[in-house]
Structures are given as structure tokens and as C-alpha cells.
Visitor: 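Please see the structure below; I have some questions.
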Amino acid sequence: MSWRATVLTLFPEMFPGPLGGSLAGRGLERGLWSLEARNIRDAATDRHRTVDDTPFGGGAGMVMRPDVVDAAVAAAMPEGDTRPLVFLTPRGTPLRQSLVRDLVAGPGVVLLCGRYEGVDQRVVEARGMIEVSVGDYVLSGGELAAMVLLDSCVRLIPGVMGASESAEEESFSDGLLEYPHYTRPADWRGLRVPEVLLSGHHGQVAAWRRAQAEAVTRARRPDLLSPQLHGAAQPA
Ligand code: SAM
């Protein structure tokens with residue numbers, strides 16, 4: 001069976017959105033993965049289809065109710081559904097390539113998109129959700145975050161990327177950022193491509209690329225080189 005993604009959202013009409021185009025979209029059409037967007041509001045039981053309420057302890061905004069979210073999860077994940085349940089939240093651990101690889105190796109994923117101030121923490125914990133953030137900034141909802149996570153997963157599904165694209169040498173594949181790329185013309189506005197890339201010497205090209213990858217990682221993301229020193233989780 002193909003890799004299966006289910007998104008729980010108050011805005012199912014946002015999907016597939018950008019996931020319907022390019023590599024991910026072609027994979028979807030070819031049945032290499034499937035996507036179902038379910039409206040959390042369908043799990044509400046009152047006349048007004050209420051999904052949120054005011055926060056205990058006071059403060060601005062609204063919080064998504066645990067009973068409604070739990071019913072939405074139950075409807076999306078029948079008994080025996082072993083897919084991991086991920087809640088997109090800025091409070092989560094940062095999304096890394098290692099998690100992406102783990103998710104792709106499994107049967108698929110169920111994603112919960114928050115809105116308003118977020119989701120009642122009790123259902124997040126009771127359902128054993130994996131809390132994942134796509135970066136240190138606040139989006140207005142989890143939908144774009146879910147699309148980011150799905151795009152990063154789907155491109156690794158066998159057959160989605162053609163032979164011309166490869167995930168083997170790209171950023172994070174070996175814990176480093178990638179080396180810089182160059183193409184024709186070799187001289188553009190007087191700016192020459194590094195000579196070693198024109199040499200045809202594979203060993204020297206590989207060594208140069210490795211040195212470039214290490215240098216850019218040291219300069220921009222030293223946390224990837226020594227995560228313990230920076231208090232970060234294990235690198236990809
Ligand atoms: N009050 C929350 C906080 O300060 O952590 C922010 C809530 S945000 C306006 C609404 C929803 O957007 C969140 O519940 C989450 O689902 C999603 N969201 C916002 N930023 C995100 C991020 N960086 N990563 C993943 N999801 C995010």
C-alpha cells in the first residue's frame with residue numbers, strides 16, 4: 001500500500017494546495033502516496049459546530065477543545081492504524097531530516113493542524129502526539145507547517161524523484177549543509193566558476209565539495225557539527 005497522509009484541519013480546502021503540483025503532485029497522481037484532508041469541525045457535536053473555547057486561566061484568544069480534537073482523531077484513525085500522529089506547533093521539536101526519513105520509512109502520517117492559540121494540551125498528551133515545529137516563528141495555523149512536513153517526506157518516497165534529482169548528496173544527508181552549485185556559462189559577467197569544477201578530476205572535485213560543505217556548515221550552522229555544545233537534538 002502506498003504512503004498515506006491524513007491531515008486534520010479546520011481548512012481542508014487548503015489541500016492539496018502546493019502539494020498538488022510538481023514532484024509531489026505527480027507522485028499523488030501516480031498513486032505513490034495519498035492525501036486525505038478531514039475537517040475537524042465534522043467532529044463537533046453541538047448545533048453551532050463549535051471547536052474552540054476560552055482558555056482556562058484567562059488571556060486572549062481561543063483554544064481548540066480536547067473532546068472535539070479527540071473525536072476527529074478517532075474518526076481519522078480506526079483501530080489498528082499504526083501511523084504516527086504529529087501535532088504541528090511552535091512548541092514542538094524542530095523538524096529535521098532524520099524525522100523525515102523515519103516518517104517515510106513507515107506507513108504514513110496523521111497531522112493535526114492547530115488554529116487560534118492552539119490545542120488543549122490534555123488531548124495532545126493523551127493521544128501521544130509527536131509535537132513538531134517547522135521553525136522559530138509563529139504561523140497563523142498548522143496547515144502550511146503540515147505542507148512543509150509532507151513535502152519533505154513525499155520527495156523521499158521511492159519513485160517520486162526522478163533519476164535526475166537525488167537526495168543522496170543534498171543538505172543534511174550527511175549532517176552538513178550542501179556545497180555550492182554552478183552551471184554554464186563558465187564565465188558569467190567576469191565571474192568564473194571555481195577551476196577545480198572544470199578539471200574533470202573526480203577526486204579533487206569531491207574533496208573540494210566536502211571542504212566547501214564543512215566550511216559553510218561551520219560558518220552558518222555550527223550546531224549541526226556539535227549539537228551537544230549547542231543544546232540541540234541529534235542532527236539529521
Ligand atoms: N499560541 C501559540 C504559541 O505561542 O505557541 C501559537 C498558535 S498559532 C497562532 C496557531 C497554530 O499554528 C498552532 O497551534 C500550530 O498548529 C500552527 N503553527 C504556528 N507556528 C508554527 C510552527 N512554527 N511550527 C508548526 N506549527 C505552527
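Note that the coordinates shown come from a computational prediction; the quantities given were computed from them, not determined experimentally. Both ligands and their constituent atoms are indexed starting at 1 by order of listing. Nothing fancy with the numbering, it's 1 onward along the sequence.
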Visitor: Are any non-hydrogen side-chain atoms of L112 and V69 less than 4.5 angstrom apart?
Guide: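 In short, these two side chains touch, coming nearer than 4.5 Å.
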Visitor: By the side-chain hydrogen bond (donor to acceptor under 3.5 Å, both in side chains) test, which pairs, at least two apart or in different chains, include something from residues 190-202?
Guide: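 Output for this query lists R192-E195.
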Visitor: Check whether any side-chain N or O of R83 sits under 3.5 Å from a backbone N or O of R4 as a donor-acceptor pair, and report yes or no.
Guide: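 A pair under 3.5 Å: yes.
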Visitor: Quick one: list whatever passes ring pair (Phe, Tyr, Trp, His ring centres under 6.0 Å) with H48, sequence neighbours left out.
Guide: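 Once residues adjacent in sequence are excluded, H48 has no partner under the ring pair (Phe, Tyr, Trp, His ring centres under 6.0 Å) criterion.
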Visitor: Write 'none' if nothing qualifies; otherwise put on separate lines each N/O atom of ligand 1 with a protein N/O atom under 3.5 Å away and their distance to 0.1 Å.
Guide:
| residue | atom | partner | partner atom | Å |
| --- | --- | --- | --- | --- |
| ligand 1 | 1 (N) | E117 | O | 2.9 |
| ligand 1 | 1 (N) | E117 | OE1 | 3.1 |
| ligand 1 | 12 (O) | G141 | N | 3.4 |
| ligand 1 | 12 (O) | G142 | N | 3.4 |
| ligand 1 | 16 (O) | L88 | O | 2.6 |
| ligand 1 | 16 (O) | G114 | N | 2.9 |
| ligand 1 | 20 (N) | L139 | N | 2.9 |
| ligand 1 | 23 (N) | G135 | O | 3.0 |
| ligand 1 | 23 (N) | Y137 | O | 2.8 |
| ligand 1 | 24 (N) | V134 | N | 3.1 |
| ligand 1 | 26 (N) | T89 | N | 3.3 |

Visitor: Should the pair R65-D46 be classified as a salt bridge under the 4.0 Å nitrogen-to-oxygen rule?
Guide: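 No salt bridge links R65 with D46.
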Visitor: Kindly give the cluster partners of V193, where membership spreads through any ILVMFWY side chain lying under 4.5 Å from a current member.
Guide: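 So far as hydrophobic clustering goes, V193 is joined with Y182, V196, L197, L198, V205, W208.
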